[in-house]
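Presented below is the structure to which this report refers.
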Number of protein chains: 2
Amino acid sequence: MEQFRRFPEEDRRLLESLTERRQRHYEAREDVIREGEHSPEIHIVLSGLACRYKLLENGTRQIMAFLVPGDPCDAEVFILKQMDHSIGTLSPSLVAAIPGEVVTDLLLNRPSVALALWWSALQDEGILRERIIDAGRRDAYSRLAFLIYEVFLRLRAVGLAEDGRFDFPVTQSDLADATGLTPVHINRMLQRLREEGLILAEGRRWTIRDAAGLRQAAHFTANHLHYDRAHDEPDSEAGRRLKGLI
Amino acid sequence: MEQFRRFPEEDRRLLESLTERRQRHYEAREDVIREGEHSPEIHIVLSGLACRYKLLENGTRQIMAFLVPGDPCDAEVFILKQMDHSIGTLSPSLVAAIPGEVVTDLLLNRPSVALALWWSALQDEGILRERIIDAGRRDAYSRLAFLIYEVFLRLRAVGLAEDGRFDFPVTQSDLADATGLTPVHINRMLQRLREEGLILAEGRRWTIRDAAGLRQAAHFTANHLHYDRAHDEPDSEAGRRLKGLI
DNA sequence: CGATCACTTGAGATTCGTCAACAATTGTGG
DNA sequence: CCACAATTGTTGACGAATCTCAAGTGATCG
């Protein structure tokens, strides 16, 4: 959540204490919240890997986003009556629950947190848009490369990818559900990525062996992640405007 | 913008006067704002049809969303440094520009407007997610049916579709760019939709002839649009919480 | 040690894309 | 109002990407 702008020390401690108060451990493949449900609290992934998904009439599952540690899951139930999709874990995960009233209070009194939440929502949108391009205009090979590279970047941004190595506990079926391809085809494309020396996947442990090559295979351009002002740069105009706003 | 909750009369008048003050007419296929740009104002489509799109390296265009009258185009430049995609018109359109400071002021002092903007952003997200499913798991026929049905619903929600008839001034190429298909294939699928008596397209004027059939062809489930509490129902818990919030 | 789940491989079917030609419509200048 | 150009829509033949089905290998776990 600090990728848009660093929090004041006070806010960081406050958030840490909030996430420590109500935690729950989920097994792999458990639901955190289901389509149609409303929740009085919002959830934040602390460790593990989760995803937004939807079950379709024909029984297939579409994964619409991966959620890495630090990602808020369901800030939207706050405004909308119910979830229009489900959140489920892919690996054993630790998830914090923050009561709605507390979030209200944060939005009211902690502009840095409000800004971070807003930024997170906008980043989500950017990622979704990119995934549409991905699905619509790239072939299976690029699509898979894109997905892997994006997950890698996002994990690295939260300090979970050292030296191009990271845990990515998904099955080839999960990747199929996320890309809209079949497991069989995912398998073949993974082989190609491996043969070409771009990645290495040993069990759930992945390694990016040729980041530039992978990026190229994915036709990746990063500006949809809006990471570029992640640090202590002087605030932008908009940032300044909003700082005292909420 | 009132689909989530009606505005107080005062707010409505305020917004109307704001949109009247700075309007600009665009021809078909003009850009309102381009990828990479930052704008000191946000734009709202008043009439016509616009879209969010992105040009890819290979020269193709991906349309990620249609913007119908009432839709805010670029509320995000408010927070993010620059647009990660472009907004362009598809037909001659009237677009209002509202200066950033005014928006700041609205967010501060007009909870109903703040809520509407937030809701609009969340609805956008839902639509994007649905489009991912669309691209990933539906065949060309359903994809096209889905797109048409969704546009119809959104136009109807803003009073621009009487009796299943509405203006939808797009070429088959535009539809191809929006669905990730080729114009040729769009043509064939449109023929099929016509043959089956689901739709009628005479020039830019479209008619839904069999809404239920189209809905079925599209595998459409509407909850991602979150229209269900469009009217003067008692406020939800979240709505009440937020009312005094921003 | 057997069962289950994930992964791998091959062959054939299907959807959709590509290319190329042509028809219909719209727009434009004379 | 006409003639022509440009854009949009339509059609067919063919090829490529991806899916489906089916079988088999390999790991993991009780």
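Throughout, protein chains are lettered first and strands after them, A, B, ... in sequence-line order, and every chain is numbered starting at 1.
In this entry the distance linking CG of Leu181(A) with C1' of dA17(D) reads 10 Å, nearest Å. For the pair Asn58(B) CG and dG17(C) C1', the computed distance is 14 Å after rounding to whole Å. Atom-to-atom, CD1 of Ile186(A) to C1' of dA6(C) comes out at 14 Å; the value is rounded to the nearest Å. The CG-P distance, from Leu190(B) to dC16(C), rounds to 14 Å in whole Å. The nearest whole Å value for the distance from the CZ atom in Arg29(A) to the C1' atom in dA6(C) is 11 Å. When the C1' atom of dT14(C) is taken as reference, atom CE of Met189(B) falls 12 Å away, rounded to whole Å. Atom NE2 in His185(B) sits about 6 Å away from atom C1' in dT15(C), given to the nearest Å. If you measure from atom OH of Tyr141(A) to atom P of dT18(D), you get 13 Å, rounded to the nearest angstrom.
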Identify each atom pair where a protein N or O and an N or O of nucleotides 23-26 of chain C are less than 3.5 Å apart, giving names and distance.
none

Check the interface with nucleotides 11-14 of chain D: list each N/O to N/O pair with the protein under 3.5 Å, or write none.
residue : atom : partner   : partner atom : Å
dT11(D) : OP2  : Gln191(B) : OE1          : 2.7
dT11(D) : OP2  : Gln191(B) : NE2          : 2.7
dG12(D) : N7   : Arg188(B) : NH1          : 3.3
dG12(D) : O6   : Arg188(B) : NH2          : 3.4
dA13(D) : N6   : Arg188(B) : NH2          : 3.4

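Between Arg194(A) and Glu202(A), none of the side-chain N atoms (NZ, or NE/NH1/NH2) sits under 4.0 Å from a carboxylate O, so this pair counts as no salt bridge.
Enclosure of atom CZ in Arg205(B) by more than 12 non-hydrogen atoms of other residues, nucleotides or ligands within 6.0 angstrom is indicated. Under a cut-off of 6.0 angstrom, the local environment of CD in Glu37(A) is crowded, with over 12 non-hydrogen atoms contributed by other residues, nucleotides or ligands. Remark: Arg209(A) CZ is loosely packed, at most 12 non-hydrogen atoms of other residues, nucleotides or ligands lying under 6.0 Å away. Enclosure of atom CD in Glu57(A) by more than 12 non-hydrogen atoms of other residues, nucleotides or ligands within 6.0 angstrom is indicated. Counting heavy atoms of neighbouring residues, nucleotides and ligands inside a 6.0 Å radius, atom CG of Asp139(A) exceeds 12 of them. Taking a 6.0 Å sphere around CZ of Arg24(B), one finds it holds more than 12 heavy atoms contributed by other residues, nucleotides or ligands. More than 12 heavy-atom neighbours from other residues, nucleotides or ligands sit within 6.0 angstrom of CD on Gln23(A).
Looking at heavy-atom distances under 4.0 Å, Arg204(A) makes contact with sugar-phosphate atoms alone, never a base. Arg194(A) comes within 4.0 angstrom of the backbone, heavy atoms only, and of no base.
With sequence neighbours excluded, the residues forming a side chain to side chain contact (heavy atoms under 4.5 Å, CB included) with Ala28(A) are Pro92(A), listed by chain and number. Residues meeting the salt bridge (Lys or Arg N to Asp or Glu O under 4.0 Å) test with Asp210(B), sequence neighbours left out: none.
Interface residues of residues 129-140 of chain B facing DNA chain D, ordered by number: none; criterion, heavy-atom separation under 4.0 Å.
A cation-pi arrangement is not found for Arg143(B) relative to Tyr141(B), the charged atom failing to lie both closer than 6.0 Å to the ring centre and inside a 45° cone about the ring normal.
Contact annotation: the side chain of Glu20(B) never approaches that of Leu18(B) to less than 4.5 Å [non-hydrogen atoms, C-beta and beyond].
Of the possible polar contacts, one joining the Asn58(B) side chain to the Thr60(B) backbone as a donor-acceptor pair under 3.5 Å is found.
Out of dC7(C), dG17(C), dC19(D), the shortest distance to the side chain of Thr171(A) is found at dC7(C). Distance from the side chain of Gln172(A) is smallest for dT8(C) among the nucleotides dC16(C), dT8(C), dG9(D).
Each end of the helix from dC1(C)-dG30(D) to dG30(C)-dC1(D) yields a helix axis from five base pairs, and these two axes differ in direction by 50° (to the nearest 10 degrees).
Test Asp31(A), Asp177(A), Asp124(A) against Arg52(A) for salt bridge (charged side-chain N to carboxylate O under 4.0 Å, His left out) and you get one pass: Asp124(A).
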